[in-house]
Amino acid sequence: MAKIVVDPITRIEGHLRIEAEIEDGKIKDAWSSSTMFRGIEKILKGRDPRDAWYWTQRFCGVCTTVHSIASIRAVEDALKIKIPPNAQLIRNIIIGIQGVQDHVIHFYHLHALDWVDITSALKADPVKTASLAASISDWPNNSATHFKAVQEKLKAFVGTGRLGPFANAYWGHPAYKLPPEANLMATAHYLEALEWQKEVIKIHAILGSKNPHPQTFLVGGMSIPVDPDSQNALNADRLITIKRLLAKAQDFVEKVYIPDLLAIASFYKDWAAIGGGAGNFLSYGEFPDPINGNLWFPPGAIMNKDISKVLPLDQQKVTEYVDHSWYEYQDAKGKGLHPWKGESEAKYTGPKPPYEFLDTDKKYSWVKAPRYDEAAMEVGPLARILVAYVAGHKESKAAVDMVLGKLGVGPAALFSTLGRTAARGIDALLIARQTPVWLDALIANIGKGDYRIHANEMWDPKTWPAEASGYGWHEAPRGALGHWIKIKDQKIYNYQAVVPSTWNASPRDAKGQRGPYEAALVGTPVAKPDQPLEILRTIHSFDPCLACAVHVTDATGNELVRVKVS
């Protein structure tokens, strides 16, 4: 039996370490460890609850929008604030386009290279590549001339010896299956996606004043003024610009992302039986209707892969364990705490770096172990789409059936690494089509003369109760994000956030239950233990985010990837 260590996992946000035991070419057991501590929850204590959204953006250097909205919803829940329709629609558009952009970036720039062999693209025939691309989409750049130019650019890039984002990969690995033409097509779209994503996110600059770290969120609504006749407000010209950018986003998702996803997936159908994971799925639901508050994506839980029913969601069933995490509960050892009672008292008991292996029988991660009704839960696009599909959400059902039909597989294929990757594309497609609907509703409401953007009845702390508790939720691109706040004497008394990668990167709990990453890796084939591409495929399918924008470099600036085999 071989034990390997992959540390850090690259092409993710933050530090993640995977230790795995391999027997007979497959992973027998695995352990997920986050190697970084932040502690922003402790920084928030004693501060003004109205400012929490601004601080919590700093949980992450990329997923800033998601923490803003979850934090604001927590305070609004505590103070029983109902926001105006315009504010709700603007929030939906902001978080919607952020989700679409995030999914495209993940597919092309963080996950595609697990399936696409860049070196193989150098051998492709651009004419045949154009023919392949034209057979799946009418995207205007799918021409032999364009693909030839990309190939020449790639050759020149490789010729310099400076591979940049393409360095330190396992090119030529036997697990790669795409023909050269498919590799060239995907590489060309990888480069196009770089340009596309920086354009569509300009919507955040219009509605949020900047990206990342938007500035216009506000407890009770939004701070961006609405006036179709003012140059200093959200006016007709800016609404038209947003409409154009949303159309551009939808066009790329429909004509590039989804066709590429289906084309690549068709060569990797065996991965529809790999990476199934915990088998339990949790979604908080998302995108409130501005009038009745009903959620466009429904909330719920699916247990034990039972897609005959969706269980109602109860946030009171969320707990966090620290039996294998570098924290200490003062009065709840061996028990899980609901976030309103949560503690974040760090106590590192692991080995002193550098070390070979963690003692996984003890504490081995800075990530806690969240559980829902005592079960490990997968969160993310797969959970969101599964819950919506089973709940009868018509748009989700139509999109899922379309993707499964084109791939020639049944719903059971969703419980896999391939299904997780496909669900992310479905999620992007659904949101890309729905965001223009919210924009039209916003334009129509403004057209009626409704310029309200904020509910200020509870803004003054003097109007607050002496104590209040709130729960803020958001279906972030990576999954169920929860913020819990306790307010006492107008100040933050306690604050806890359970982020998507806390759910998915969870270590064992008090009962020894594996977290979703750990469970998904069990049974994964590994052709070459010293080049564990298959581990990256399954882990990247979750899109981990442990502490965004943190990378490890040596003195010469090269990224370090350590794989050790015993």
Side-chain angles (χ1 to χ4, degrees), residues 14 34 36-61 63-81 213-215 217-220 315-316 318-322 325-333 335-349 363 365-370 458-474 476 480-503 506 545-548 550:
S34 171
M36 180 179 296
F37 172 71
R38 291 169 299 166
I40 290 180
E41 291 96 337
K42 296 175 72 66
I43 296 173
L44 284 168
K45 288 188 176 182
R47 297 187 182 275
D48 190 323
R50 296 169 299 179
D51 294 339
W53 71 271
Y54 191 79
W55 287 87
T56 59
Q57 288 190 53
R58 273 67 188 177
F59 276 134
C60 179
C63 313
T64 57
T65 301
V66 304
H67 291 293
S68 296
I69 192 66
S71 181
I72 279 181
R73 284 173 173 170
V75 178
E76 289 171 348
D77 179 58
L79 301 178
K80 312 305 178 193
I81 296 173
H213 301 294
Q215 303 294 296
F217 285 110
L218 199 65
V219 170
Q315 63 89 10
Q316 296 275 14
V318 175
T319 54
E320 287 189 295
Y321 287 85
V322 296
S325 308
W326 289 311
Y327 300 93
E328 183 177 50
Y329 285 165
Q330 298 302 314
D331 301 313
K333 293 182 179 180
K335 297 180 181 180
L337 293 179
H338 184 273
W340 275 331
K341 298 179 180 179
E343 302 172 10
S344 296
E345 299 299 326
K347 186 176 182 180
Y348 182 74
T349 57
K363 294 174 181 276
S365 180
W366 281 115
V367 168
K368 296 178 183 179
M458 297 293 290
W459 181 254
D460 188 341
K462 294 177 181 178
T463 65
W464 301 354
E467 295 186 21
S469 299
Y471 153 62
W473 44 270
H474 172 44
L481 169 63
H483 283 221
W484 284 263
I485 189 171
K486 296 200 80 167
I487 302 170
K488 187 175 181 179
D489 298 328
Q490 291 79 51
K491 300 294 183 183
I492 297 174
Y493 180 74
N494 195 15
Y495 202 103
Q496 293 289 315
V498 184
V499 308
S501 290
T502 310
W503 286 101
S506 154
C545 182
L546 288 108
C548 290
V550 176

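- A donor-acceptor pair under 3.5 Å is absent between the side-chain atoms of D77 and the main chain of G472, judged by distance alone.
- Note that OG of S68 and CD of Q215 are 8.5 Å apart. Values are rounded to the nearest 0.5 Å.
- K341 is not listed as a side-chain neighbour of W484, based on a closest heavy-atom distance of 4.5 Å or more.
- To the nearest 0.5 Å, atom CD1 of residue I69 and atom CH2 of residue W473 are 8.0 Å apart.
- The aromatic rings of W366 and Y348 lie parallel to each other, their planes meeting at an angle below 30°, with 60° marking the opposite boundary.
- Here the NZ-OH distance, from K363 to Y327, works out to 10.5 Å after rounding to the nearest 0.5 Å.
- Note that the NE2 atom of H483 and the CH2 atom of W53 stand 13.0 Å from one another [nearest 0.5 Å].
- Atoms OH and NZ, on Y495 and K486 in that order, are 15.0 Å from each other to the nearest 0.5 Å.
- The distance from the OG1 atom of T56 to the CD1 atom of I43 is 11.5 Å, given to the nearest 0.5 Å.
- Under the 6.0 Å distance and 45° angle rule, R50 does not count as a cation-pi partner of Y54.
- Under the 3.5 Å distance criterion, with hydrogens and angles disregarded, a donor-acceptor pair is assigned to the side chains of K368 and S344.
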Would you be so kind as to tabulate the donor-acceptor pairs closer than 3.5 Å made by side chains of residues 460-467, with sequence neighbours excluded?
unit_1 : atom_1 : unit_2 : atom_2 : d
D460   : OD1    : K462   : N      : 3.0
T463   : OG1    : D460   : O      : 2.7
W464   : NE1    : M458   : O      : 2.7

